[in-house]
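Position 1 is the first residue of the sequence; numbering continues from there. Side chains included, hydrogens not; waters and symmetry mates left out as well; all remaining heavy atoms used.
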Amino acid sequence: MYKIVVIILFIIPSICKSQERDIYLELAGSGGLGSINYEKKIGTFGGQGTFSYSGGFSLTPIDKNNGTVLIFPLLMHTCLGKTHKAEFAIGQSFSITTRGQFFLKTPVFIGYRYHKEDHPFLFRAGYSPLINNITQFSVQHWGGISFGYAF
């Protein structure tokens, strides 16, 4: 498994030259305890703002009754700034356990992104609550930190 992560994070991005896509490992955040995410820039505004979307994957063991949960977070992002960026993201996280239970949560991300235009590495950190608004409203206060590679 670690070989696949190394290939995704380092080898494949090194052969691409355009820096409009990111792959990052997020610890905590919208994918639960940890996720791997792909982000694609889809537009710009005001000279220093960008719009992008991301999709991710995570799996987390819960307990013997529920099994493992597979989490698929999908978010829309807005970043403001050139190198030091304020970031806001909101989306929907689809989760299913290996026992067949289905969950929906709304992840939000409010934080900071460091990414120099001419440098492939990026860093993100912020407040990332998970909002349950389907059966009863609740907020899981959460934070996230990400390390990634732009290509």
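Counting heavy atoms from C-beta on, the side chains of Lys85 and Tyr114 never come closer than 4.5 Å. The shortest distance between side-chain heavy atoms of Ser52 and Lys40 does not fall below 4.5 Å. No side-chain heavy atom of Ile96 sits under 4.5 Å from any side-chain heavy atom of Phe103. Side chains of Phe102 and Phe94 form a contact here, defined as non-hydrogen atoms less than 4.5 Å apart. Side-chain contact between Ile131 and Phe137: present, with at least one pair of heavy atoms (C-beta onward) separated by less than 4.5 Å.
Residues Trp142 and Tyr127 share a closest heavy-atom pair of O-CD1, 3.4 Å. Closest approach of Ile42 and Met76 over heavy atoms only: CD1-CE, 3.7 Å. Residues Tyr24 and His77 come closest through the heavy atom pair OH-CE1, 3.7 Å. Taking each heavy atom of Gln48 and Lys82 in turn, the nearest pair found is OE1-N, 3.8 Å. Between Val139 and Pro129, the shortest heavy-atom distance links the atoms CG1-CB, 3.9 Å. In terms of heavy atoms, Ser93 sits closest to Ser30 at OG-O, 3.9 Å.
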Could you tabulate the donor-acceptor pairs under 3.5 Å formed by side-chain atoms of residues 104-112, not counting sequence neighbours?
unit_1	atom_1	unit_2	atom_2	d
Lys105	NZ	Gln140	OE1	3.1
Tyr112	OH	His84	ND1	2.6

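Once rounded to the nearest 0.5 Å, the distance linking CG of Asn37 with CD1 of Ile23 reads 10.0 Å. The distance from the OG atom of Ser35 to the CD1 atom of Ile71 is 8.0 Å, given to the nearest 0.5 Å. With values rounded to the nearest 0.5 angstrom, Leu33 atom CG is found 10.0 Å from Leu59 atom CG. Separation of atoms CG (Leu130) and OG (Ser95) is listed at 8.5 Å; rounding is to 0.5 Å. The CZ atom of Arg99 lies 7.5 Å from the CG atom of Asn65; values are rounded to the nearest 0.5 Å. The distance from atom OG of Ser54 to atom CG of Asp22, rounded to the nearest 0.5 Å, is 9.5 Å.
Every side chain to side chain contact (heavy atoms under 4.5 Å, CB included) that Thr50 has, sequence neighbours left out, goes to Lys41, Thr44, Cys79. Remark: Phe123 engages Phe147 in a ring pair (Phe, Tyr, Trp, His ring centres under 6.0 Å) (not counting sequence neighbours). Judged as a ring pair (Phe, Tyr, Trp, His ring centres under 6.0 Å), and not counting sequence neighbours, Phe88 has no contacts. Residues that satisfy the ring pair (Phe, Tyr, Trp, His ring centres under 6.0 Å) test with Phe45, not counting sequence neighbours, are Phe51. With sequence neighbours left out, Phe72 forms a ring pair (Phe, Tyr, Trp, His ring centres under 6.0 Å) with Phe57.
Looking only at distances, a side-chain donor or acceptor of Ser58 sits under 3.5 Å from a matching main-chain atom of Gly31.
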Exercise. Apply the test side chain to side chain contact (heavy atoms under 4.5 Å, CB included) to residues Arg21 and Glu39: give CA-CA distance (whole Å), side-chain angles for both, the deciding distance (0.1 Å), then the verdict.
Key: CA-CA 6 Å; Arg21 294 166 289 184; Glu39 185 175 331; over 6 Å; no

Quiz item: Where do His115 and Thr83 land on the side chain to side chain donor-acceptor pair (under 3.5 Å) test, with the steps shown first?
Solution: CA-CA 5 Å; His115 182 213; Thr83 299; over 6 Å; no

